[in-house]
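In what follows, every heavy atom counts, from backbone to side chain, and hydrogens, waters and symmetry copies are set aside.
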Amino acid sequence: MSSAEPTRRDFLYIATASAGAVGAAAAVWPLIAQMNPDASTIAAGAPIEVDLGPIAEGQVIKVFWRGKPIYINHRTKKEIDEARSVNVASLPDPESDEKRVKAGHEQWQVLIGICTHLGCIPIAHQGDYNGYFCPCHGSQYDTSGRIRRGPAPLNLPLPPYEFVSNTKIRIG
Amino acid sequence: MSGQSTYKPQNAFLRWLERRLPIGGLIHSSFVVYPTPRNLNYWWTFGGILTFMLAVQIVTGIVLAMHYTPHVDYAFNSVQHFKRDVPYGWLLQPLHANGASLFFLAAYIHAFRGMYYGSYKEPREVLWILGVILLLLMIMTGFMGYVLPWGQMSFWAATVITNLFSAIPGVGESIVTWLWGGYAVGNPTLNRFYSLHYLLPFVIVGVVVLHVWALHVAGQNNPTGVEPQSDKDTVAFTPYATIKDSFGLAVFLILFAWFVFYIPDYLGHPDNYIPANPSVTPTHIVPEWYYLPFYAILRAIPSKLGGVIALGASIVILAFLPWLDTSRVRSGRYRPLYRMFFWIFVLVCIGLGYLGSKPPEGAYVIAARVFTAYYFIHFLIILPLLGVFETTKPVPSSISADVLKGKASAAAILLAFGLVTLLGTSSSSIAAEAETPPMNRWSFAGSFGKFDRAQLQRGFKVYREVCQTCHGIQLLSFRNLSEPGGPGFTPAQVAVVAAEYKYKEPNDQGDMVERNGRPADHFPPPMLRFPTGTPPDLSVIVRARGYDRGFPGFMIDMFTQYQEHGADYMVALLKGYENPPAGVQVPPGMMYNKYFPGHGIAMPPPLSDGRVPYTDGAPQTLDQYAKDVTAFLAWAADPHLEARKRLGMQVMVFLIVLSGLLYFTKKKVWRAVTGHA
């Protein structure tokens with residue numbers, strides 16, 4: 001016999017099947033969740049503080065945060081001027097240099113040193129623009145870390161950071 | 001499979017696939033319309049349960065393998081890291097460890113069912129032998145898996161079992177060296193056991209396929225031992241057997257969940273929470289409960305080679321069962337004398353398991369020899385003779401005739417039987433060479449146990465002001481102190497605590513500089529160095545200690561969820577310093593302690609009244625300090641206890657509801673066959 005609405009018998013079957021489905025989903029969830037970053041990885045990715053005092057003008061250092069290389073570049077006045085004198089609209093990824101540094105701290109450039117093409121680490125103070133040059137496929141970045149020439153589509157990204165004092169930043 | 005397939009898929013894609021790869025038809029004929037005897041009882045649900053447990057072990061094992069490091073210096077800590085830091089790691093590891101026990105429980109019940117009902121008899125000999133091969137593969141897999149955590153028992157089990165092969169005359173020593181990959185159990189051994197432990201379960205899957213194939217060729221046995229003669233004797237596998245297996249599985253999962261969530265260490269040995277130490281052998285080496293009967297047989301024979309041969313023979317002899325049992329009657333239901341000897345055999349196996357857990361001394365040795373002799377006599381003398389001399393009861397003419405006659409007696413102590421086996425062999429075998437510690441009331445004991453935050457904070461203070469000088473706690477990170485389910489410090493307080501510790505690290509130029517600790521850091525090694533031996537790290541000490549609960553204490557513990565052996569032992573130890581009784585001397589430099597095994601302990605009494613100032617008004621007594629620091633260490637050893645018990649309650653409620661639903665569904669489905677409510 002077939003009826004339009006579920007009978008009492010069907011209700012039992014539906015209830016059992018639903019309970020089974022809920023149980024199966026709940027059982028599968030931990031198997032998927034366990035691949036997420038574990039607590040020690042998350043803890044190791046906590047913000048770090050970097051002392052800017054020892055970095056001379058014109059010097060660039062590399063620190064690691066969350067496994068990524070971060071360039072901290074103490075720019076010279078020449079480098080800042082070169083970055084500011086570009087026609088922003090002509091850039092492949094238009095962005096003004098002012099937006100890529102913190103106000104009052106224009107000499108400090110903090111970038112994630114991963115080429116936006118396929119992930120190699122560009123070399124600092126190299127290339128036609130005196131910025132960064134990626135040896136893998138020839139992408140050229142300027143003194144603001146913006147892509148000028150080459151296959152990379154985007155400017156070098158900025159990590160989250162802030163100045164806790166004039167000579168110290170916290171990354172993360 | 002004879003005859004035309006009745007599989008005619010409605011769906012066009014399925015028809016297209018069926019013509020090219022008839023997997024739909026195979027599933028349909030093997031697991032949907034497959035004729036199954038209608039009188040199977042719940043002993044027959046264990047095949048399905050075993051398949052499920054094999055899947056559970058493989059899935060949890062693959063997940064564990066994503067996080068485990070198979071190197072002697074990292075293995076133990078990688079398992080702890082998994083349990084502490086990986087999301088749901090605290091659930092997945094006990095699932096795998098206890099899953100192995102439940103897997104063996106189901107396998108033994110499944111095998112005993114086969115023995116009782118004569119499922120090994122013609123034409124199912126190959127099916128039975130494939131089962132024996134599966135048991136052997138499971139034993140090998142379980143052994144290698146147990147070595148991987150690299151605890152004390154892991155290491156010494158590996159040493160003892162690989163050394164078995166040295167009994168082989170001539171080539172024995174070479175074989176052992178080849179197995180080790182070195183001059184002793186070491187890193188090469190661990191690595192190859194990891195590889196093989198990952199491989200063998202897939203070999204098991206292959207043999208299971210053969211096992212099910214062989215089963216389907218002959219068809220299932222059934223409680224009468226009479227083969228199906230017509231359609232009236234069988235029902236379609238789906239939905240009848242499927243729903244019955246599902247119900248059986250749900251009940252089995254309740255037992256599984258009980259172990260995983262409430263007594264995850266019950267079936268294990270505390271010594272495996274001590275990292276492997278090649279220079280110190282545990283006082284009593286014992287395998288997990290499922291190997292204990294074979295272990296007893298091995299030790300019963302006084303000759304080294306004889307013991308090894310007896311061990312091998314005790315498993316291999318099972319393969320000859322179809323020919324050793326000469327009876328023409330298949331099912332034990334109609335063989336009253338055989339039934340008696342069957343149950344005696346079951347008790348002998350349980351007895352052997354119990355003896356395997358006891359030290360090989362005195363009366364235990366004699367009993368083990370008697371039971372071992374009986375084990376072989378059962379197969380080699382009793383079974384052959386029974387078939388010749390036994391008077392059997394009349395066998396029914398058909399399955400349906402038997403069913404119509406009335407409900408057959410339920411052999412029914414379904415899992416209770418398995419439980420007795422499990423209980424009989426799982427007694428903690430820590431030697432009672434010292435006093436039994438008194439039991440304390442712990443806030444974290446029982447199904448609804450929780451840590452007392454204030455107690456954990458006081459305990460942490462005691463650790464820092466007293467124990468820290470000599471004892472590290474390096475598996476713990478500062479950030480754990482502010483995580484839920486623990487002492488409940490704030491992140492700001494944790495940062496302050498962390499900053500009090502100094503760490504040396506190379507800077508950008510490569511020079512070693514000192515920096516303050518951060519919340520993410522682990523606690524550093526202890527400040528003092530001991531030339532004669534490092535005091536144990538305290539991260540898992542509460543799980544690494546225990547005491548013999550004796551009989552019937554250890555059986556009752558399974559129901560009362562008593563898991564606080566280590567904690568009760570620790571409190572007793574910390575309070576147990578006293579003058580030695582008259583005539584008893586401890587070695588020079590040691591103190592007498594009532595509860596320390598051997599009574600001579602190198603640690604001077606660390607606690608006394610007033611030793612640590614408390615700011616919350618708790619009594620500043622030795623008793624209070626002992627309990628507080630032990631509670632703190634119990635949390636350090638099991639930081640996810642509260643989450644585990646909380647989820648456990650939800651899972652148990654869910655499984656009970658699911659079992660109820662499946663029970664009523666099963667009854668409704670079977671109404672078509674039984675013809676009554």
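Counting heavy-atom pairs closer than 4.5 Å to chain B, the top residue among A:Gly23, A:Gly20, A:Ala26 is A:Gly23. The greatest number of non-hydrogen atom pairs below 4.5 Å with chain A, out of B:Asn480, B:Leu661, B:Val86, B:Leu655, is found for B:Leu661.
Applying the disulfide bond (SG atoms under 2.5 Å apart) test to every pair with at least one member in residues 124-172 of chain A, sequence neighbours left out, gives these pairs: A:Cys120-A:Cys136.
In this structure, A:Lys102 places its NZ atom where more than 12 heavy-atom neighbours from other residues, nucleotides or ligands lie under 6.0 Å away. Within a 6.0 Å sphere centred on NZ of B:Lys502, heavy atoms belonging to other residues, nucleotides or ligands number more than 12. Counting heavy-atom neighbours within 6.0 Å of B:Phe664 CZ, excluding the residue itself, gives a total of 12 or less. Under a cut-off of 6.0 angstrom, the local environment of CG in B:Asn516 is crowded, with over 12 non-hydrogen atoms contributed by other residues, nucleotides or ligands. Counted within 6.0 Å of CE on A:Met35, heavy atoms from surrounding residues, nucleotides or ligands total 12 or fewer; the atom is thus considered open. Annotation for A:Phe163: atom CZ counts as buried by contact number, over 12 foreign heavy atoms lying within 6.0 Å. Within 6.0 Å of CZ on A:Phe64 lie more than 12 heavy atoms contributed by other residues, nucleotides or ligands.
Between atom OG of residue A:Ser40 and atom NE2 of residue B:His522 there is a gap of 6.0 Å, rounded to the nearest 0.5 Å. Note that CZ of B:Arg479 is 8.5 Å distant from CD1 of A:Ile42, once rounded to the nearest 0.5 Å. A distance of 8.0 Å separates OH in A:Tyr13 from CD1 in B:Ile243, rounded to the nearest 0.5 Å. Atom CG in A:Asn36 sits 10.0 Å away from atom OH in B:Tyr88 (nearest 0.5 Å). For the atom pair B:Met66 CE and A:Gln34 CD, the distance stands at 5.0 Å (nearest 0.5 Å). Put simply, CG on A:Asp38 and NE2 on B:His81 are 4.0 Å apart, with the number rounded to the nearest 0.5 Å.
Of the two parts of B:Thr665, the backbone and the side chain both hold a non-hydrogen atom closer than 4.5 Å to a non-hydrogen atom of chain A. Contacts of B:Val657 with chain A are absent, with no heavy-atom separation under 4.5 Å from either backbone or side chain. For a residue to count as touching a neighbouring chain, one of its non-hydrogen atoms must lie under 4.5 Å from one of that chain's; by this rule B:Phe654 touches chain A with the side chain only. Only the backbone of A:Pro37 comes within less than 4.5 Å of a heavy atom in chain B; its side chain stays farther off.
For a heavy-atom cut-off of 4.5 Å, chain A lies close to B:Leu91, B:Leu92 in residues 90-99 of chain B.
Taking every heavy atom of both residues into account, B:Leu658 and A:Thr16 meet most closely at CD1-O, 4.3 Å. Of all heavy-atom pairs spanning A:Ala44 and B:Ala520, the tightest one is N-CB, 4.2 Å.
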